[in-house]
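By convention here, the first residue in the shown sequence is residue 1. Atoms within a ligand are numbered from 1 in the order they appear, just like the ligands themselves.
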Amino acid sequence: MATLSTARYGKDNVRLLKVDRDDATKVHTVTETTVCALIEGYIGVAYTKADNSVVVATDSVKNTIFILAKQNPVNPPELFAATLGTHFVEKYKHIHAAHIKISTHRWTRYDVNGKPHPHSFLRDGTETRNVEVTVREGSGISIRSGIQGLSILKSTGSAFHGFYKDEFTTLKETWDRVLSTDVNAHWDWRNFAGLEDVKKGLPRFDKAWENVRNITLKTFALDDSASVQATMYKMAEQILAVTPEVSHVEYSLPNKHFFEIDLSWYEDLKNTGKDAEVYAPQSNPNGLIKCKVSRTMAKL
Ligand SMILES: O=c1[nH]c(=O)c2[nH]c(=O)[nH]c2[nH]1
């Protein structure tokens, strides 16, 4: 005997570019996103009885993404994802939940002759702004926002000493090292009752994204880091303090190692400790440090 425990399906990697044109100023704004939309509901018979009558084709899901992108704002991505998810649940009686993921890629307006150009943009890095939304009939809308692939490095202001030592330890303590990571951060919003609730106070989403980005960059630079663990906790604490509607912040940070190279074999060149200048970037293995920091509930 077998039972279908869970089932969802849809279209992944739907890529679109939206150009918003301000006719008065002739200033364009562009948004490039990659969307994954999966739907859930009374679809089990498609799997267990080969009954396709319940299947909204994944091709139709893709078409819906394009049509709704034309008819609605695609920014902030939290709103577009909630709009898409709500559409699937409201349009099809037998669809009870929709899971939407959106990844927005960077196109940053650049200056020409010292002035922001109205319709030219550059890709300044592989960083993406992400959102994962679930719209579930009767349970409202859950939203998780994120940043991924923000690569940062500092050449001092990072130490790592006092760690646990035993017969497996070879790592030397350091009071000054290169610290580098690719930031992967998520923050979970309070539950929203529905699309109207998401739309109320819409600036919260861009503001939180800016706050997370700024706090991450500033803390990384200014913290006299004792470890990746201690620095990431300081980041998460500050984010919770400035975003009251966020219940949790999660970080997943690779520790991208840069090893000192002993060059003393060549004419007694000094290139370690305080004399280190040339380092060897390591592609693997890397440390991977994660945490989820939650808001402490006030005692009643
Ligand atoms: O910040 C760090 N945290 C660790 O847990 C760790 N482990 C390690 O080898 N180097 C580092 N650095």
Side-chain angles (χ1 to χ4, degrees), residues 103 106 124-130 132 144-188 208-243 246-266 269-296:
S103 193
R106 284 182 79 80
D124 58 340
T126 53
E127 174 193 351
T128 54
R129 174 174 170 179
N130 302 335
E132 292 173 30
R144 156 172 271 221
S145 305
I147 288 176
Q148 195 162 15
L150 171 62
S151 297
I152 48 181
L153 179 150
K154 68 193 284 190
S155 50
T156 190
S158 166
F160 188 60
H161 49 81
F163 48 85
Y164 192 96
K165 293 178 198 70
D166 61 14
E167 66 275 29
F168 293 103
T169 310
T170 56
L171 186 70
K172 300 265 175 301
E173 299 194 311
T174 178
W175 279 259
D176 190 9
R177 63 175 181 175
V178 171
L179 184 63
S180 179
T181 192
D182 302 325
V183 177
N184 184 357
H186 289 106
W187 51 104
D188 292 308
W209 173 77
E210 271 165 33
N211 277 332
V212 171
R213 206 167 179 274
N214 290 339
I215 287 169
T216 302
L217 293 176
K218 194 170 171 184
T219 308
F220 183 79
L222 299 185
D223 186 38
D224 208 356
S225 175
S227 64
V228 175
Q229 286 91 330
T231 300
M232 76 206 297
Y233 184 76
K234 287 181 188 173
M235 293 170 179
E237 263 186 320
Q238 293 173 72
I239 292 164
L240 286 175
V242 297
T243 46
V246 165
S247 50
H248 313 278
V249 178
E250 271 181 64
Y251 275 99
S252 175
L253 301 181
N255 188 4
K256 298 166 77 181
H257 307 300
F258 289 75
F259 286 175
E260 291 185 1
I261 310 169
D262 183 351
L263 298 177
S264 59
W265 52 270
Y266 183 84
L269 263 182
K270 295 193 179 355
N271 191 55
T272 56
K274 65 176 178 28
D275 299 310
E277 286 179 295
V278 178
Y279 295 81
Q282 306 295 301
S283 48
N284 54 60
N286 58 270
L288 181 61
I289 322 281
K290 292 172 174 256
C291 71
K292 176 175 179 176
V293 182
S294 305
R295 185 177 301 286
T296 312

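- Between Arg213 and Glu127, some side-chain heavy-atom pair lies under the 4.5 Å cut-off.
- Taking atom 9 (O) of ligand 1 as the reference point, the nearest protein heavy-atom neighbour is Leu171 CD2, 3.4 Å.
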Notebook entry, point to check: What's the verdict on salt bridge (Lys or Arg N to Asp or Glu O under 4.0 Å) for Lys256 and Asp182, showing C-alpha distance, side-chain angles and the deciding distance?
Noted result: CA-CA 8 Å; Lys256 298 166 77 181; Asp182 302 325; 2.9 Å; yes

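- Any N or O atom pair closer than 3.5 Å counts here, and Ser227 shares no such pair with ligand 1.
- In terms of N/O distances under 3.5 Å, ligand 1 is approached by Val228.
- Distance check: Ile239 CD1 to Asn214 CG gives 10.0 Å after rounding to the nearest 0.5 Å.
- For ligand 1, the polar-atom distance check against His257 finds no nitrogen or oxygen pair separated by under 3.5 Å.
- Among protein heavy atoms, atom 3 (N) of ligand 1 sits closest to Gln229 OE1, 2.9 Å.
- The shortest heavy-atom distance from His161 to ligand 1 is not under 4.0 Å.
- Side chain of Asp223 to main chain of Thr219: no donor-acceptor pair is present (N/O by atom type, distance under 3.5 Å, no hydrogens or angles).
- Within a 6.0 Å sphere centred on CZ of Phe163, heavy atoms belonging to other residues, nucleotides or ligands number more than 12.
- Residue contacts with ligand 1 for Arg177 involve side-chain atoms from C-beta outward but no N, CA, C or O (heavy atoms, distance under 4.0 Å).
- Nearest protein neighbour of atom 6 (C) of ligand 1, counting heavy atoms only, is Phe160 CZ, 3.3 Å.
- Note that OG of Ser252 is 8.5 Å distant from NE2 of His186, once rounded to the nearest 0.5 Å.
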